[in-house]
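Proteins get letters first, then strands, A, B, ... in listed order; numbering begins at 1 in each.
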Amino acid sequence: MEVRVEKISKEFQEKQVVRDLSLDLSPGKVVGLLGPNGAGKTTTLRMVLNILQPDSGQILFDDHRMNRKTRNTIGYLPEERGLYQKYSVIDVLQYFGRLKGLSARKSHVEAVRLLDRFQMIEYLEEPIAHLSKGTQQKIQFLVCFIHDPDFLILDEPFWGLDPLNQEIFRNKIQDFKEEGKTILLSTHQLMEAETLCDYFILIDRGETVLKGTLKEIRKNFHQNIIIVEAHQNPSVLQDIQKVNKVEIKNSVAHLFVDENAPIKSIMQDIIKKVDISKMEFNKPSLNDIFLQTIKSRKK
Amino acid sequence: MSQFFVITFWEFFRHFKSRSFLLATFVSPVVFAAIIFIPTLFLEDPASSQPRVIGCVEFDSSGICQDIQSRYLEANAMLDQPSPVQVIPVKPDTSLRMSKIFSNVTQLKVDLDSLEDAYNKIKERRKYIFQKPKTPSRDALLKNTYADLIQTREARDLAQLDFQRAKHESDSLWRVELQRKADRMLRDLELEGYLLVDRNDFERGVVEFHSLIPPNFLEIDQVKQAIQVVVVEQRLKNEGVQLEKIQQYLEPVLLREIQLQGEQKQEFDFMVNYLGPIVVVFFLFISIFTSSGFLFNGVLKEKTDRVIEILLSSVSHLQLIAGKIFGLGILGLFQILIWFGITLILIGLNVLKVGEISFLTIGNAGLFLLYFILGYLFFASIFVGIGSLFSNSEDAHHLNQFMRMLSIFPIVLAVLVLETPNSLLVRILSFVPPLTPTFMILRTPLGSPSTEDYLISTGIMIVSIIISIFMAGKIFKLGSLLYGKRPRIKEIFTLMFRKG
């Protein structure tokens, strides 16, 4: 499913939450919607889901506005997780399957099939409240795609999961991608986003700050990083010429330099200043770009 | 199938299978009915309750207590049911101490009488002597008996004083002891109260009633009437009216209470015509607040369990609210149909007698359904709006308590209908939407409201429902997505009246 978000804006009580946000999503691609808390990510997702209506702009699904048929082809995993605690796994899965347009029989068959596939068939008749938190998260994930949606919206999908379950979910998202599903993923975990997403959009205070593939974002960032581990205090590296900025994390110095800076000469200067134990020249990670961009906006 | 029906069925079946529904359908009505009827049966059923014993204390032997007792029994003999009150004279104490006092007074009286007798005899003798021709011997006799006369008179006067003192003492003691005995019987619960008859006060129509609890609760109206009859009887006797005439005048009156119900008239029966409608209103209350309570708790729970956002990603706000309200409305109707079914079975088994319970009609069943639907839609729309605003379980709990208290309010106010079902105040209150279902259902058998009242109340309810659903929809639309923040009243009003 092709999804086109065209210049959507939303205001709550005279506060601009999302401003002129545009986004294109294609089948088989994962788009990462990134941003700090309060950036407007959840509001954007709710507008895409038609839970909230944008004040301006439009959202098109295969060139059509949202309708019941479209709604039934969307799977949503909200950040705020929860299920009917008193009811059995099969009843809950069936109910949500039916809400997405599946027949009673089809939703039952799909629920059983998914539970079997994810090795949770023994919980079929178990009330949700009796399950562990991790198992409940997995059931929630099944609710999201029991109806085999074309378009998946995942809000913080790895939130609260143990590493084992994170791995299962990551693989499943990869499978969806390979199956040609359109995926919109909102997350704080930038490392995860970097490995899963094909396209990124960084929003802050409702405004689009960065967008593009990782390659494009890195290119537009126009900076590289030299990582230095030294025996001395790395703060002495602050004075080196052509270095834009030095950040020290856990006694490791991250030196930001322009992409066309004389790397060789800078490295020599570093060696002169400190007794290094390790030095690396790196392209900036998404996390670095994210942090630098947000910080520079705050300034 | 449309998502609307999926939600409807989900809401219906998940609550239909719940223990709360079974309790509300089968246990709560029995408990409510029991709360209302059992104490009444205990009070009304002579087989299960002894009549209240009321004592009657009088300080002389005028027999007023006996008369009150007789008149009361006569008045009650005309009714089919046994007397709820038994009037008994409180007998004097026969203790050794009192017996000694009485025998002392009696002895003094005997002495006094004997001296009086002796004195009179001396007087008679002297009179006899005096009537004889005057002779020296007659004068000597008169002189001799004069000393006896003076001596006996003095002895008699002294005896008189002794007797009066002792009598006064014993009378005072008698009054004190008699009243003390009656008080003791009251405290020992042998009596529920006693009448204190003082002859002088009684002639002025004053009788005291002593009891541990307020007399209102003792239903002594008929005893009052018996006293009135005895007072009037005494007064007529004093006027010289013949006894036969007096009895004729004071023949007890039988008041038959007939109630007009629609086109029918029926003899008033407290259990059927007064308590029956209260039970019916409780059933209405249970049905409205079972379903709307489920709705309210369901929305709160979906909010606190964070399910609502997934639901809203699948269906629109309107579909969600409508599905919920419709599903639980059907549940409420189903509950009423179960009760109707049970009523028909009880009629079939002759446990409920349709002939005796005049308001048990198809028309009134229709009115019950109508006011259930109106009441349910009104409260459901309010509850769904309020329920969507809170996500914190503690807030939800407090809110739940508050809503329960608020929902009992119409039942509390229903006392007004019981007292004066057709008063202007009750009519006006019947048109206030939260009170309409309870008031109209209670007024139907008690006051037979006019067709106008039904039409006006229904019209106002429909308009109120449209407004409350409209407002609730607005609140729900944004309220359902609010998390971690307790909305302020101002914000709620902003949500209700904002455009778009």
Those residues of residues 127-148 of chain A that come under 4.5 Å of chain B on a heavy-atom basis, listed by number, are A:Gln140, A:Val143

So which bits of residues 49-61 of chain A come within less than 4.5 Å of chain B, counting non-hydrogen atoms only?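 Under the 4.5 Å heavy-atom cut-off, A:Leu49, A:Ile51, A:Leu52, A:Gln53 qualify.
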
Does the side chain of A:Arg46 come within less than 4.5 Å of B:Leu312's, by heavy atoms? no

Of all heavy-atom pairs between [X] and [Y], which one has the smallest distance, and what is that distance?
X	Y	result
B:Gln3	A:Leu99	NE2-O, 2.8 Å
B:Ile310	A:Pro78	CG1-CG, 3.7 Å
A:Arg71	B:Ser313	CG-O, 3.4 Å

Do other residues, nucleotides or ligands put more than 12 heavy atoms under 6.0 Å from [X] [atom1]?
X	atom1	answer
A:Gln119	CD	no
B:Phe326	CZ	no
A:Lys29	NZ	no
B:Phe340	CZ	yes
B:Leu318	CG	no

Spatial distance of atom OG (B:Ser2) from atom CZ (A:Arg98) [nearest 0.5 Å]: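 Nearest 0.5 Å value for the OG-CZ distance: 10.5 Å.
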
How far does CD of B:Glu309 sit from OG1 of A:Thr42, to the nearest 0.5 angstrom? 7.0 Å

Considering only heavy atoms, which portion of B:Ser18 lies under 4.5 Å from any heavy atom of chain A: side chain, backbone, both, or neither? neither

Over 60° means perpendicular and under 30° means parallel, so tell me whether B:Trp10 and A:Tyr95 are parallel, tilted or perpendicular.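 Plane angle under 30°, so parallel.
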
Need one label for A:Tyr84: side chain, backbone, both or neither, based on atoms under 4.5 Å from any heavy atom in chain B.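 Both backbone and side chain of A:Tyr84 come within 4.5 Å of chain B.
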
